[in-house]
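To keep things clear, I will list the structure first and then write my remarks on it.
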Amino acid sequence: MAKITKINHVAIAVPDLDASLTFWRDALGLTLDHVEDVPSQKSMVAFIPCGDSEVELVKPTADDTGVAKFIAERGGGMHHLCFQVDDIEEMLADLKEKGIRLINETPQVLPGRKMAFVHPKSTGGVLVELYQLT
Ligand code: CO
């Protein structure tokens with residue numbers, strides 16, 4: 001069975017990156033590694049390492065994304081939790097067999113990683129991302 005190896009990141013949906021950094025970087029003292037434009041997700045992402053994991057601040061760059069809707073409804077907040085796994089295909093097949101609802105039945109393949117989301121209906125309301133480095 002596939003194994004979870006760590007929490008890769010916790011993603012926070014934010015309407016304004018600079019305003020959010022006043023808490024995450026300036027008040028908490030975490031270091032901003034870099035900000036990346038991620039066109040495939042229509043967002044700007046600030047990567048903030050925290051030990052072996054990261055906090056990602058995600059600011060949508062379009063109104064038609066899940067994160068943009070999330071911010072419109074709730075003003076922002078914790079958006080998803082991402083587990084790093086050693087074999088994402090096997091993990092997805094195993095979850096499916098256990099009756100867990102998946103948003104992506106096959107992983108999205110991106111440079112350096114594969115990713116898929118598990119539906120919050122099956123997780124007690126938490127959007128869970130699975131991530132395999134490739
Ligand atoms: Co993520």
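It should be emphasised that the depicted structure is a prediction, and the values quoted were computed from it without experimental measurement. Counting starts at 1 for both ligands and their atoms, in listed order.
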Which residues satisfy the side-chain hydrogen bond (donor to acceptor under 3.5 Å, both in side chains) test with D18, sequence neighbours excluded?
none
Across all chains, not counting sequence neighbours, the side-chain hydrogen bond (donor to acceptor under 3.5 Å, both in side chains) partners of E90 are none
Could you pull out all residues at least two apart from Q84 that satisfy side-chain hydrogen bond (donor to acceptor under 3.5 Å, both in side chains)?
N8
Can you check whether R113's main-chain N or O pairs, donor with acceptor, with T134's side chain at less than 3.5 Å?
yes
Just by modelled atom types, is the A19 backbone N or O under 3.5 Å from a matching donor or acceptor in the T22 side chain?
yes
For the Co ion (ligand 1), what is the number of protein N, O or S atoms at a distance under 2.8 Å?
3
Is it true that K3 and D86 make a salt bridge, defined as a side-chain N closer than 4.0 Å to a carboxylate O?
no
